[in-house]
Amino acid sequence: VIARSRPNEAFHWVIEQEGRKPWRAPLVERSDGRFEGSLSKVVNDFHFCIEGPRGQSETYRVGVLTTPRVRSVVVRLVFPEYTRLPPFQGPLPSDGLAGVRGTKVELLIESNRPLRGGSLTLQSLSGPALEKIPAIALRPHPAQPTVATGSFNLDQDLAFTAVIEDVQGLASRDPIAGRATLIPDRPPSIAIVEPPAESLATPDIALPVVLEAEDDFGVVEITLFRSLNGSREVPLNFPYTGDLPLKQKLVQELPLAEW
């Protein structure tokens, strides 16, 4: 706003932005004799000065503070070694993510601006109502300045929110929200299908034994314990390698003559 103008004087402001030629915009006279002007939808820094019949003002700079926006959120899940599951990486599911106890959850949040970090807040959904979980600091990705990362281990049902900050310390307006659900890992089960609990056999035969074992993440090994007339139990191991079946049927003959 310019004051104390003389009658019939016209004023313009001259605007300069990097990568563009300077341009002039008229200032409008108000009823009180002052002049004013405005720019809408400013997205970049600019310099300006005021020109009038009697000269030009100093040059001023207007800096634009741009709030960082989230472009994408990628989640990486690293499951415990015993599950033998490969890591998962993909967009953050809208209905939440899930894993067994001990799964490492890593968030990679991409923004439209270089980031200095942010914060990741966890809320327990299954523990004590007043349980406090310390906030986790988000760190800038070492190779991608517009990406911030943070991780936590899944040991209970959780809700989480993440806020990113750009290099100027401005935080994103809309936090990222999600859920992480703990999948129960049930103990393995095993059953002796054959022979029946009470069976008759001659002492010189090879007795067929049929076992069925099942586990949520695969049967690694089956151990059969055998004894004769109340003697000490002797283990007989049947390990598996390669692709582990979730359900395994084992047929093994026991040479009773060797006992």
Side-chain angles (χ1 to χ4, degrees), residues 72-109 119-129 131-139 141-143 147-162 176-194 197 208-227 232-254:
S72 66
V73 182
V74 173
V75 61
R76 176 176 170 83
L77 302 178
V78 180
F79 304 101
E81 184 178 356
Y82 77 88
T83 65
R84 298 176 181 260
L85 295 175
F88 165 83
Q89 183 166 321
L92 179 66
S94 58
D95 56 350
L97 51 91
V100 297
R101 188 179 302 276
T103 298
K104 181 181 178 181
V105 180
E106 182 181 10
L107 296 177
L108 296 95
I109 306 169
S119 62
L120 177 61
T121 304
L122 305 179
Q123 173 69 48
S124 173
L125 298 178
S126 57
E131 180 181 1
K132 293 183 179 180
I133 303 177
I136 298 171
L138 298 177
R139 305 293 183 190
H141 193 283
V147 174
T149 67
S151 63
F152 59 91
N153 289 327
L154 184 59
D155 57 6
Q156 59 178 307
D157 293 342
L158 296 169
F160 60 86
T161 56
I176 300 159
R179 286 181 173 234
T181 304
L182 191 65
I183 299 175
D185 181 13
R186 297 168 298 179
S189 62
I190 189 168
I192 300 177
V193 180
E194 294 181 14
V209 177
V210 179
L211 305 174
E212 287 186 355
E214 186 175 0
D215 185 71
D216 292 336
F217 297 100
V219 178
V220 177
E221 183 179 74
I222 294 177
T223 302
L224 175 65
F225 292 89
R226 51 193 172 89
S227 66
R232 182 176 62 88
E233 294 180 341
V234 178
L236 186 60
N237 297 324
F238 304 98
Y240 292 91
T241 58
D243 294 336
L244 300 179
L246 303 184
K247 189 173 184 179
Q248 177 65 35
K249 184 176 182 179
L250 174 66
V251 179
Q252 179 68 29
E253 290 187 344
L254 298 181

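Using a 3.5 Å distance cut-off with no hydrogens or angles, the side chains of Ser124 and Gln156 do pair a donor with an acceptor.
Applying the side-chain hydrogen bond (donor to acceptor under 3.5 Å, both in side chains) test to Thr181 and every residue at least two apart in sequence or in another chain returns nothing. With sequence neighbours left out, Ser94 forms a side-chain hydrogen bond (donor to acceptor under 3.5 Å, both in side chains) with no residue at all. Legend: residues meeting side chain to side chain contact (heavy atoms under 4.5 Å, CB included) with Ile176, ordered by chain and number and at least two apart, are Val70, Val73, Leu92, Ile109, Ala162. With sequence neighbours left out, Val210 forms a side chain to side chain contact (heavy atoms under 4.5 Å, CB included) with Val193, Glu194, Lys249, Val251.
Minimum heavy-atom separation, Gly150 to Leu120: C-CD2, 4.5 Å. Closest of all the heavy-atom pairs between Leu138 and Ala148 is CB-CB, 4.3 Å.
Distance OG1/Thr223 to CG/Asn237: 4.0 Å, rounded to 0.5 Å.
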Sequence neighbours left out, cut at 3.5 Å: what donor-acceptor pairs do the side chains of residues 98-107 make with other protein atoms?
from, atom 1, to, atom 2, distance (Å)
Arg101, NH1, Asp155, O, 2.6
Thr103, OG1, Val100, N, 3.3
Thr103, OG1, Val100, O, 2.8

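Relative orientation of the Phe152 and Phe160 rings is tilted, given thresholds of 30° and 60° on the angle between their planes.
Side-chain contact between Leu158 and Ile133: present, with at least one pair of heavy atoms (C-beta onward) separated by less than 4.5 Å. Counting only heavy atoms from C-beta outward, the side chains of Arg76 and Pro87 approach each other to under 4.5 Å.
Residue pairs meeting the salt bridge (Lys or Arg N to Asp or Glu O under 4.0 Å) criterion with at least one partner in residues 88-98, sequence neighbours excluded, are absent. Applying the salt bridge (Lys or Arg N to Asp or Glu O under 4.0 Å) test to every pair with at least one member in residues 177-192, sequence neighbours left out, gives these pairs: Arg186-Asp216.
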